[in-house]
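Fair warning: this is a prediction, and the values are worked out from it, not measured in the lab. In what follows, chains carry the letters A, B, and so on, assigned in the order in which the sequence lines appear, proteins first and then strands, with residues in each chain numbered from 1.
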Amino acid sequence: MDESNYLLRARREKLRALEERGLQPYAYRYERSHRSDKARATFEAAESADELGEEGTTEPVRVAGRLLSWRSHGKTAFAHIEDGGGRIQLYFRRNDLGEEPYALLELLDLGDWVGVEGPLFRTRTGEVTVRVAGWQLLSKALRPLPFGKEEVDPETGERVVHSGFSDPQARFRQRYADLAVHPEVREVFRLRSRMVSEIRRFLDARDYLEVETPVLQPIYGGAAARPFTTHHNALDMQLYLRIADELYLKRLIVGGFERVYEIGRDFRNEGIDRSHNPEFTMLEFYEAFADYRDMMQLVEELLSEVARRTTGSEVVRFDGEEIDFTPPFARVGFVEALEEATGVRVLELDDAELRARTEAAVGESMKGLPRGRLLDKLFGAVVEPGLVQPTFVVDYPVELSPLAKLHRDNPRLTERFELFVAGREIANAFSELNDPLDQRQRFEAQVEARQEGDDESHPLDEDYLRAMEYGMPPTGGVGIGIDRLAMLLADRPSIRDVILFPTLRPEEGSAG
RNA sequence: GAGCCGGUAGCUCAGCUGGUAGAGCAACGGACUUUUAAUCCGUAGGUCCUGGGUUCGAUCCCCAGCCGGCUCACCA
C-alpha cells in the first residue's frame with residue numbers, strides 16, 4: 001500500500017540522494033533572524049525610509065518555513081514558504097547560489113522545511129521576496145501534503161483554493177495535515193486559545209482561584225448524563241470519568257475558598273453529532289455570597305468582554321446571524337416562555353396531558369420520563385430554537401434542577417438560569433442549593449426517578465451531603481460550554497471544527 | 001435513532017439504464033534567469049469501499065454490510 005506508492009518512493013529516493021551528497025535531511029536547529037511577517041515589515045520600513053541598498057535590497061535576513069509552492073524557470077525559481085507569521089516568497093537564482101547548491105534544489109519537495117538566507121527585495125510584480133544567497137534543508141517531508149492550488153481573484157482580492165483537502169473525516173483524523181494546508185483552520189484554534197486566555201484573565205482579575213478537581217471519580221454527579229466507567233486495578237474499584245466539576249467545586253466553597261473556577265474536560269457517554277463530542281471542555285465558576293442574579297450579570301460581563309477581546313466586537317457573526325453580546329441580555333421565565341409558546345398553563349397539566357403534549361411537539365415517545373424531563377423536552381422543542389440573541393431563561397421547575405435553591409417566591413421553581421444563544425444552551429447556573437436536608441431530599445427524588453427508568457438522573461452522593469452539613473455559604477455557580485462558545489465566536493457550525501482531535505471511530509477496515 | 005446524499009489515482013472530481021476507467025492539481029523526465037493556479041512538451045500512477053447476486057460481461061443494475069456527510073430528534 002503506502003510502501004509501494006510511487007509518490008512516497010520518489011521522496012525516499014530524494015532523501016537517499018541528499019544523504020549521498022552529504023546533506024543532513026533532518027537538521028538540529030536553524031538560526032532565524034526574522035519571522036516572515038517581521039521580515040516583510042523590515043523591508044517596508046527600509047523602503048519607506050529610503051534606506052534600501054543599490055539593488056533595492058536590505059541586509060540579509062534568515063527565514064525558515066514549510067515549502068508551499070515551487071515555480072521553476074530553468075536557471076531561476078520562485079517559491080513560497082510559510083511560518084508562524086504567514087507566507088513569504090523566495091527567489092532562487094543559479095548565478096546567486098552557484099552551480100551545486102542550485103542543482104540540489106531539485107531534491108526539494110513541497111512540504112519540506114527549509115531555512116534560507118538572503119536580502120529582501122521587491123519583485124516586478126510588487127511582492128516582498130527573499131533573494132536567496134544560501135539555503136538549508138531543515139526537514140525532508142516523505143509524504144505529500146494535500147495542498148490545493150490557490151489564486152487571488154484580481155477583482156475581489158479573495159483567495160480561491162482549487163481542489164485541496166476537503167474530506168471531513170480525513171481532515172479530523174489527520175488534523176496535522178488539515179492545519180498544515182489550511183491557515184484558516186489554524187486561525188480558529190488561535191481564536192479558541194485567545195478566548196480561553198481572556199476567560200482566565202477575566203476571572204483572575206476578579207479574585208477567582210483556578211483549581212483542579214478529580215477527573216476520576218468514585219461517584220459521578222453535577223449533571224444529568226451517562227458516564228464513562230473505568231477500573232482502577234490497585235484499588236480494584238470502578239471509577240467514573242467526571243460528567244461535571246460542580247460537586248467538587250462546591251466542596252471547595254465549603255472549605256472556605258470564596259471564588260473558584262475550573263476549565264476542564266468533562267466526559268459524557270452519549271451520542272456524537274455536530275454539537276456533541278464525548279469529551280468536551282467546561283468552564284465552571286462559583287462565588288460565595290452571590291445568587292443567580294449576580295451570576296447573570298457576571299455572565300453578561302464575561303461574554304461581552306470575551307467576545308470583544310477575542311473577535312474585536314461584541315457583535316459576532318454566527319451562521320449568517322448577527323449575535324449581539326452587548327449587555328444586558330434578554331430575560332424570560334421558563335414557565336412564561338413555555339406557556340406563551342403552547343398557550344397552556346403547563347404546570348397545571350397532569351402527567352398524562354403533559355406527556356401527550358410533549359410527544360406531539362417532539363414527535364417521539366416520552367414513555368417513562370418524569371415530569372421534569374417532559375417539561376425540558378417540551379421546552380427544547382417549542383422555545384429553544386427561537387432564542388437566537390443571547391437570552392437568559394430563568395426560574396426552572398424544581399424537578400429539573402436537583403442542585404439549585406428553591407425560588408424565594410415560588411417553591412415549585414428554582415433559582416436557575418440557562419443562557420441560550422443561536423438556539424443553543426451556552427451556560428447553566430443556579431443559586432446553589434446549600435441546605436443539606438433539602439439537598440438530601442432532592443437526591444432521593446433523583447434516585448427514585450432512576451428506579452423508574454431515568455438513566456440520566458443523579459446518584460446520591462453522601463460525601464457531598466456531608467460537606468453541605470459542614471455549612472456552605474450562599475453561592476452562585478455557572479457552567480459554560482467552552483467548545484460551544486468557541487463555535488459561536490469562530491462562526492463554525494460543528495463542534496469538531498473547534499476541537500483539535502475530535503473523537504472518531506478508530507481507523508480500521510475500509511476507513512482511510 | 002430516522003430520512004436523504006455519497007465512497008473512483010496522493011488530493012479534488014468526471015465517467016451516458018452495462019463492454020474491465022478519465023481530467024485538473026501533485027509526482028517523474030525535458031525546455032525556460034522576476035514568476036505567482038507560471039507556461040509548454042512528454043511519462044507514469046487504479047483492490048472503482050467490502051461481500052454476494054443478475055449477466056457472455058458490472059465502477060454502473062439488485063441485495064446485504066462497512067464508512068462518511070447533510071437534515072431532523074436528544075444529552076452541554
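Residues Arg186(A) and Glu82(A) are paired through a salt bridge, judged by an N-O separation under 4.0 Å between the basic side chain and the carboxylate. A salt bridge is absent between Glu127(A) and Arg122(A): the closest approach of a Lys/Arg side-chain nitrogen to an acidic carboxylate oxygen does not fall below 4.0 angstrom. Ion pairing between a basic and an acidic side chain is recognised when a charged N comes within 4.0 Å of a carboxylate O; Glu418(A) and Arg416(A) show such pairing. Salt bridge status for Lys405(A) with Glu415(A): absent, with no side-chain N to carboxylate O gap under 4.0 Å. Between Lys250(A) and Glu432(A), at least one side-chain nitrogen of the basic residue sits less than 4.0 Å from a carboxylate oxygen of the acidic one, meeting the salt-bridge criterion. A salt bridge links Asp266(A) with Arg242(A); the closest basic N to acidic carboxylate O contact falls under 4.0 Å.
Identified under the side chain to side chain donor-acceptor pair (under 3.5 Å) test for residues 491-502 of chain A, with sequence neighbours left out: none.
Applying the Watson-Crick and G-U wobble criteria (two distances, each under 3.5 Å), rC4(B) pairs with rG69(B). Under the Watson-Crick and G-U wobble criteria, each requiring two contacts below 3.5 Å, nucleotide rC25(B) is paired to rG10(B). The pairing partner recorded for rC61(B) is rG53(B), the criterion being a Watson-Crick or G-U wobble arrangement whose two distances lie under 3.5 angstrom. Base pairing annotation: rU47(B) forms no Watson-Crick or G-U wobble pair, as no partner gives both donor-acceptor distances under 3.5 Å. When both distances must be under 3.5 Å, the Watson-Crick or G-U wobble mate of rA31(B) is rU39(B).
Using a 4.0 Å heavy-atom cutoff across all strands shown, Arg424(A) reaches no nucleic acid atom at all. Looking at heavy-atom distances under 4.0 Å, Thr123(A) makes contact with a base. Heavy atoms of Asn277(A) sit under 4.0 angstrom from at least one base atom. Backbone-only engagement by Arg496(A) is indicated by non-hydrogen atom pairs under 4.0 Å involving sugar-phosphate atoms exclusively. Within 4.0 Å (heavy atoms only), Ala427(A) reaches no atom of the nucleic acid at all.
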### Query
ring pair (Phe, Tyr, Trp, His ring centres under 6.0 Å) between Phe121(A) and Tyr91(A): does it pass, once the steps are laid out?
CA-CA 10 Å; Phe121(A) 74 111; Tyr91(A) 176 46; 5.8 Å; yes
### Task
In sequence, state the C-alpha distance, the side-chain angles, and the governing distance for Tyr220(A) and Tyr240(A), and then conclude on ring pair (Phe, Tyr, Trp, His ring centres under 6.0 Å).
CA-CA 6 Å; Tyr220(A) 62 93; Tyr240(A) 301 94; 4.9 Å; yes
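As a whole-Å value, the separation of Arg11(A) CZ from rG45(B) C1' is 15 Å. In this structure, Tyr6(A) places its OH atom 12 Å from P of rA44(B), rounding to the nearest Å. In this structure, Asp167(A) places its CG atom 15 Å from C1' of rA9(B), rounding to the nearest Å. Atom pair Arg171(A):CZ and rU12(B):P shows a separation of 10 Å (rounding to whole Å applied). Rounded to a whole Å, the CG atom of Leu67(A) is 10 Å from the P atom of rA27(B). Atom pair Leu378(A):CG and rC74(B):C1' shows a separation of 14 Å (rounding to whole Å applied). In this structure, CD of Gln89(A) is placed 14 Å from C1' of rA37(B), rounded to the nearest angstrom. When the C1' atom of rG46(B) is taken as reference, atom CG of Leu7(A) falls 13 Å away, rounded to whole Å.
Nucleotides rU59(B) and rG52(B), compared at atom P, are 14 Å apart to the nearest Å. For rG6(B) and rC49(B), the P atoms lie 13 Å apart once the distance is rounded to whole Å. Nucleotides rU17(B) and rC60(B) place their P atoms 15 Å apart, quoted to the nearest Å. Taking atom C1' in both rG19(B) and rU55(B), one finds a spacing of 12 Å when rounded to whole Å. The same atom, C1', is picked in rU8(B) and in rG68(B); the two are 16 Å apart, to the nearest Å. Taking atom C1' in both rG18(B) and rA58(B), one finds a spacing of 6 Å when rounded to whole Å. Rounded to a whole angstrom, the distance from the P atom of rC74(B) to that of rA38(B) is 48 Å. Nucleotides rA23(B) and rU43(B) place their P atoms 11 Å apart, quoted to the nearest Å.
Below the 3.5 angstrom threshold, one finds a donor paired with an acceptor across the side chain of Arg71(A) and the base of rU35(B).
Distance from the side chain of Glu425(A) is smallest to rA76(B) among rA76(B), rU34(B), rC28(B). Taking the side chain of Phe78(A) as heavy atoms from C-beta on, and the options rA76(B), rU35(B), rU71(B), the nearest nucleotide is rU35(B). Side-chain proximity of Thr129(A) to rA26(B), rU35(B), rA76(B): nearest is rU35(B). Comparing rC13(B), rC74(B), rC67(B) against the side chain of Ser166(A) picks out rC13(B) as the nearest. Comparing atom distances between the Glu127(A) side chain and each of rA27(B), rC74(B), rU35(B) picks out rU35(B) as nearest. Considering only the side chain of Asp273(A), rA73(B) comes nearest among rA73(B), rU34(B), rA38(B). Relative to the side chain of Pro168(A), the nucleotides rG69(B), rA27(B), rA76(B) differ in distance, and rG69(B) lies closest.
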Check nucleotides 41-43 of chain B against the protein and report each pair of N or O atoms closer than 3.5 Å, with its distance, or say if there are none.
none

Name the pairs: protein N/O against N/O of nucleotides 31-33 of chain B, kept only if under 3.5 Å.
residue : atom : partner  : partner atom : Å
rC32(B) : N3   : Gly74(A) : N            : 3.3
rC32(B) : N4   : Gly74(A) : N            : 3.3
rU33(B) : OP2  : Lys75(A) : N            : 3.4
rU33(B) : O2   : Arg93(A) : NE           : 2.9
rU33(B) : O2   : Arg93(A) : NH2          : 3.3
rU33(B) : N3   : Asn95(A) : ND2          : 3.2
rU33(B) : O4   : Asn95(A) : OD1          : 2.5
rU33(B) : O4   : Asn95(A) : ND2          : 2.7

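Nearer to the 5' terminus of RNA chain B, by closest-nucleotide assignment, is the contact made by Leu108(A) (compared with the other of Ser494(A) and Leu108(A)).
A salt bridge (charged side-chain N to carboxylate O under 4.0 Å, His left out) with Asp109(A) is found for exactly one of Arg66(A), Lys140(A), Arg12(A), namely Lys140(A).
At rA44(B), none of the side-chain N or O atoms of Arg9(A) fall inside 4.0 Å of OP1 or OP2 (strictly under the cut-off). A close approach under 4.0 Å does occur between a side-chain nitrogen or oxygen of Lys14(A) and OP1 or OP2 of rC28(B).
Side chains of Asp245(A) and Thr213(A): no donor on one and acceptor on the other come within 3.5 Å.
Within a 6.0 Å sphere centred on CD of Glu44(A), heavy atoms belonging to other residues, nucleotides or ligands number more than 12.
A distance cut-off of 5.5 Å between ring centres, combined with a plane angle under 30°, places Phe280(A) in a stacking arrangement with the base of rA76(B).
Using cut-offs of 30° and 60° for the angle between ring planes, the Phe420(A) and Phe379(A) rings count as tilted.
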